[in-house]
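What follows is one structure encoded as structure tokens, with my remarks underneath.
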Amino acid sequence: FWLPAFFFPQGFMTASLQMHARKTRIAIDTLSFRTEISKTQKPEKLKGPAPTGVNVHGLFLQGCGWDLEGQRLKESDKAVLFVSMPVIW
């Protein structure tokens with residue numbers, strides 16, 4: 001899902017928790033988010049939808065970069081203000 005397209009992204013995130021709670025019959029109050037950052041920038045390169053949860057894309061970093069291999073923040077490149085984040089599950 002392209003997260004910046006939503007007017008109220010908090011509602012989308014709550015809906016994803018609610019869908020998981022109904023699917024697994026776990027109380028929604030006991031659930032929390034866990035994220036994994038993929039090694040791809042383009043959502044169309046993913047093999048399919050996430051088995052549980054949702055994949056989001058369209059987020060950006062400001063003032064730093066992202067090391068795809070090391071899966072961590074890095075010093076920003078010279079004259080680069082914004083860097084797109086990889087797809088997040």
Other residues, nucleotides, ligands: >12 heavy atoms within 6.0 Å of Gln10 CD: yes
With clusters defined by side-chain heavy atoms of hydrophobic residues (ILVMFWY) lying less than 4.5 Å apart, directly or transitively, does Met19 cluster with Val56? no
Gap between atom CH2 of Trp66 and atom CZ of Arg72 - 0.5 Å precision: 9.5 Å
Supply the atom-to-atom distance His20 NE2 to Ile26 CD1, rounded to the nearest 0.5 angstrom. 5.0 Å
Suppose we screen for ring pair (Phe, Tyr, Trp, His ring centres under 6.0 Å). Which residues come up paired with Phe60, at least two apart in sequence or across chains? none
Smallest heavy-atom separation, Lys39 atom then Glu69 atom, equals NZ-O, 3.8 Å
Under 3.5 Å, which donor-acceptor pairs link side chains of residues 80-89 to any protein atom two or more places apart or in another chain?
{"residue": "Ser84", "atom": "OG", "partner": "Gln41", "partner atom": "OE1", "Å": "3.1"}
{"residue": "Trp89", "atom": "NE1", "partner": "Thr52", "partner atom": "O", "Å": "2.6"}

Hey, what do you get for CD (Glu36) to CG (Asn55), rounding to the nearest 0.5 Å? 10.0 Å
As an exercise, state the distance from OG1 of Thr24 to CG of Leu31, rounded to the nearest 0.5 Å. 6.0 Å
Would you say that Leu73 contacts Leu61 through its side chain, given a criterion of any heavy-atom pair below 4.5 Å between the two side chains? yes
Are Leu59 and Leu46 linked, directly or through other ILVMFWY residues, by side chains that come within less than 4.5 angstrom of each other? no
Quick check: closest heavy atoms across Leu68 and Ser38, and the distance to 0.1 Å? CD2-O, 4.5 Å
